[in-house]
Amino acid sequence: MKKFLALLLSLALMATLLVGCGGGEKETGKTEDKAEDKKEDTKKEDETKDEVEAPADSKTVKVGITIYKFDDNFMTLYREELQRYFKEELSNNEVTYEVTVVDGKNDQAEQTNQIQTFIADKYDVIIANLVQSSAASTVVNLCKDADIPVIFINREPTAEDLDLWDKVAYVGADARQSGTMQGEIIYDLDNHGDLNGDGKVSYVMVIGDPENVDAQYRTEFSIKALTDKGIEVEELVAQRGDWDQAKGQEIVAAALTQYGDQIEVVFCNNDAMALGARQAIEAAGRKVGENIYLVGVDALEEVVSYVESGDITGTVLNDHVGQAHTAADVAVKAVNGEQLEKNYTVDYVKVTK
Ligand code: GAL
């Protein structure tokens, strides 16, 4: 009798499990989704795919996004907003945007492979934050052959590359504007940045990735904003920090050891490096606003609170929300076969106390 009961129980259990499995399959629709799920488990670090429940008769649009590297403060905010916007604001009963975001790991060869995989998997549109802007022509040609529109974000390709096909566009901000605003923040101080009154502004420039126009323009235009107003400048150090906080800290710590009080302003091409610079400045016993100035770009939350407390002189809002929404809206236009403009530009905004 006991054995019979045990048999009945295990049969009931099996039946429950089978029903459970069946239900699961109905939800995901296709059996290959399971393989996809497994892939997901092992690839969590470098790929995120939104689990979307498409209403029965809605159309699914596959959006492939590749980010130059996940380990970048600003691009993390940007990609999270892109995913949220596609899922929560653009998907509706008629159309579901199925978004896959992959990590380019700062390796152009790897990123080009990812784009080829999107193409092989018949994605409807690709959004690419290139590792190297110089890869744009290769990417445009791959997408053109497959007739899949491509929207470049954040790292601006040349006008020539954008002209290669009409289903390609760039969404970004004009880095000249952010550089100019950094220079203006310093110019607007009572002493125009000349703390020691020797008639010139002596500065350290912490550069992002020099291959990138954001780094080139911010470096050039921050200084140009001062010299255009007749301010004399002296460059003490200019070094690449690859947009990275730890590198920003190292560069500024070394500069402070070498030049000490001579340094009046530290310009950082972005906020992550400015956060590193702030640590180095504090460690050297200097005080922002009293005997040194520090500016960044992006307006990361942490930096904005340092601007409020006076520990960073100023920053410039790099509007990741505006850029993410524009990029997604342009991608939708491209999928719908609408005519695209070449450039979509979102404004920067100055942030001071
Ligand atoms: C810039 C941003 C940097 C970094 C870089 C990556 O626009 O200010 O923080 O994210 O893009 O290309």
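Atoms within a ligand are numbered from 1 in the order they appear, just like the ligands themselves.
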### Query
Does one side chain, of T100 or E47, offer a donor that lies under 3.5 Å from an acceptor on the other?
no
### Atoms of ligand 1 close to N270 [distance to a heavy atom under 4.0 angstrom, numbered from 1]
3 (C), 8 (O), 9 (O)
### Query
Can you list the ligand 1 atoms lying under 4.0 Å from a non-hydrogen atom of D72?
4 (C), 6 (C), 10 (O)
### Query
Passes salt bridge (charged side-chain N to carboxylate O under 4.0 Å, His left out), R84 versus E88? Steps please.
CA-CA 6 Å; R84 191 202 64 77; E88 293 174 19; 3.2 Å; yes
### Query
For ligand 1, is Y68 a contact, meaning one of its heavy atoms is under 4.0 Å away?
yes
### Message
Distance under 4.0 Å to a non-hydrogen atom of F74: what atoms of ligand 1 satisfy this?
### Response
2 (C), 9 (O), 10 (O)
### E301 atom CD, over 12 foreign heavy atoms within 6.0 Å
no
### Message
With a 4.5 Å cut-off on side-chain heavy atoms, are D124 and I148 touching?
### Response
no
## Note on the structure
So the side chain to side chain donor-acceptor pair (under 3.5 Å) pairs with at least one residue in residues 327-345 (sequence neighbours excluded) are Y85-D329
### Message
Just to confirm my output: which protein heavy-atom neighbour is closest to atom 5 (C) of ligand 1, and how far is it?
### Response
W243 CE2, 3.7 Å
### Query
Any side-chain donor paired with an acceptor under 3.5 Å for E156 and S133?
no
### Query
Could an N or O of ligand 1 be found under 3.5 Å from any N or O of N318, whether backbone or side chain?
yes
### Task
Could you list which atoms of ligand 1 come closer than 4.0 Å to a heavy atom of N212?
12 (O)
### Query
Does one side chain, of H325 or E81, offer a donor that lies under 3.5 Å from an acceptor on the other?
yes
### Query
For ligand 1, which atoms have a heavy atom of N154 less than 4.0 angstrom away?
1 (C), 6 (C), 7 (O), 11 (O), 12 (O)
## Note on the structure
atom 9 (O) of ligand 1: closest protein heavy atom, distance to 0.1 Å, is D298 OD2, 2.7 Å
## Note on the structure
Atoms of ligand 1 under 4.0 Å from any heavy atom of D214, numbered from 1 in the order shown, are 1 (C), 7 (O), 11 (O)
### Task
May I ask you to check whether D347 and Q177 show a side-chain donor-acceptor distance below 3.5 Å?
yes
### Message
Below a 4.0 angstrom heavy-atom separation, can you tell me which part of K69, side chain or backbone, both or neither, approaches ligand 1?
### Response
neither
